[in-house]
Amino acid sequence: EDDIMSDCRNFWIPADPPRANYFINAFLDEKRNRIEGKETITFVNQTEKPINKIALQWGLGGKRNLVVDINHDAVDLSKILTKLESNRPLLFELPESILPCEAIELVIDFSAAIGELRYGMRMLTEWHPRLWWSYPTQDDFEVKLNLPNSYTVTTTGRLDETSGTYRAGGVKQFGIV
């Protein structure tokens, strides 16, 4: 069968999933009610088994675009995205297994509808793709946001005013209000 989307029951989830580092550069297009960005996710396989599949979770509904590059190899996800149900993990085979103690780098271009303002605010919690291990993990984030000047930002991270980057370590998700 040519269907890349596998049953999540066949997805091996480590008892102690690797801690990931997320480097995100995102732009909020208020006129089109979209968020667009590029993120790099890195982690080291600290288990004793190879990791053969990756799952991404991305909770935003509506029209989504996603392009994934793994260790400089493009992954075609077009067939999966057309079949993906809302809030279901995006599960796919890796081009090569990640052996114990090896690192992986995923570069992801993404865009999605973010909905309308509510009470003068936007609350974004699942606004970018992230690794899915069936339960929340504690990860590290460095996020650069390009938002309209009229926005006041509250985030999970602290702003480094020198670089304009928000940083948060050991958190379950990076939220923006």
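Positions are given from 1, in the same order as the sequence printed here. These numbers come from a predicted model, not from an experiment.
Note on Trp133 and Val68: same hydrophobic cluster, where clusters join Ile, Leu, Val, Met, Phe, Trp and Tyr whose side-chain heavy atoms are under 4.5 Å apart, directly or indirectly.
For the pair Leu145/Leu28, no side-chain contact is recorded, criterion being any heavy-atom separation below 4.5 Å from C-beta on. Between Leu56 and Leu131, some side-chain heavy-atom pair lies under the 4.5 Å cut-off. With a 4.5 Å cut-off on side-chain heavy atoms, Glu102 and Asn45 do not count as touching. Here the side chains of Phe92 and Val75 are in contact, with some heavy-atom distance below 4.5 Å. In this structure the side chain of Asn71 reaches within 4.5 angstrom of the side chain of Ile104, judged on heavy atoms. Residues Asp139 and Ile41 fail the side-chain proximity criterion, which asks for heavy atoms closer than 4.5 Å. Residues Tyr135 and Ile13 meet the side-chain proximity criterion, which asks for heavy atoms closer than 4.5 Å. Annotation: side chain of Val44 is not in contact with side chain of Pro18 (no heavy-atom distance under 4.5 Å).
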Apply the test side-chain contact (heavy atoms from CB on, under 4.5 Å) to residues Trp12 and Ile51: give CA-CA distance (whole Å), side-chain angles for both, the deciding distance (0.1 Å), then the verdict. CA-CA 8 Å; Trp12 176 67; Ile51 295 175; 3.9 Å; yes
Verify side-chain contact (heavy atoms from CB on, under 4.5 Å) between Asn52 and Leu94, making sure each step is shown before the conclusion. CA-CA 6 Å; Asn52 303 314; Leu94 294 170; 5.8 Å; no
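Considering CD1 of Ile70 and CG of Leu106, their distance stands at 5.0 Å, rounded to 0.5 Å. Taking CG from Leu159 and OG1 from Thr165, the interatomic distance works out to 8.0 Å, rounded to the nearest 0.5 Å. Atom OG1 of residue Thr137 and atom CZ of residue Phe43 lie 10.5 Å apart, to the nearest 0.5 angstrom. Once rounded to the nearest 0.5 Å, the distance linking CZ of Phe27 with CD of Glu36 reads 6.5 Å.
Looking at every heavy atom in both residues, Ser111 comes nearest to Arg34 through OG-NH2, 3.0 Å. A pairwise comparison of heavy atoms in Trp127 and Ala26 identifies CZ3-CB, 3.6 Å as the closest pair. Across every non-hydrogen atom of Phe11 and Lys53, the tightest pair is CE1-O, 3.4 Å. The heavy-atom pair separating Pro129 from Ile108 by the smallest distance is CG-CG2, 4.0 Å. The shortest heavy-atom contact between Lys38 and Phe110 is N-CE2, 3.8 Å. Asp69 approaches Ala74 most closely through the heavy-atom pair OD1-N, 3.6 Å.
Using bins of under 30°, 30° to 60° and over 60° for the plane-to-plane angle, the ring pair His128/Tyr22 lands in the perpendicular bin.
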In a table with atom names and distances, give each donor-acceptor pair under 3.5 Å that connects a side chain of residues 167-177 to protein atoms at least two apart or in another chain.
from	atom 1	to	atom 2	distance (Å)
Arg167	NH1	Asp160	OD2	2.7

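Within 6.0 Å of CD in Glu96 there are 12 or fewer heavy atoms belonging to other residues, nucleotides or ligands.
For Asp140, the side chain to side chain contact (heavy atoms under 4.5 Å, CB included) criterion is met by Arg19, Asn21, not counting sequence neighbours.
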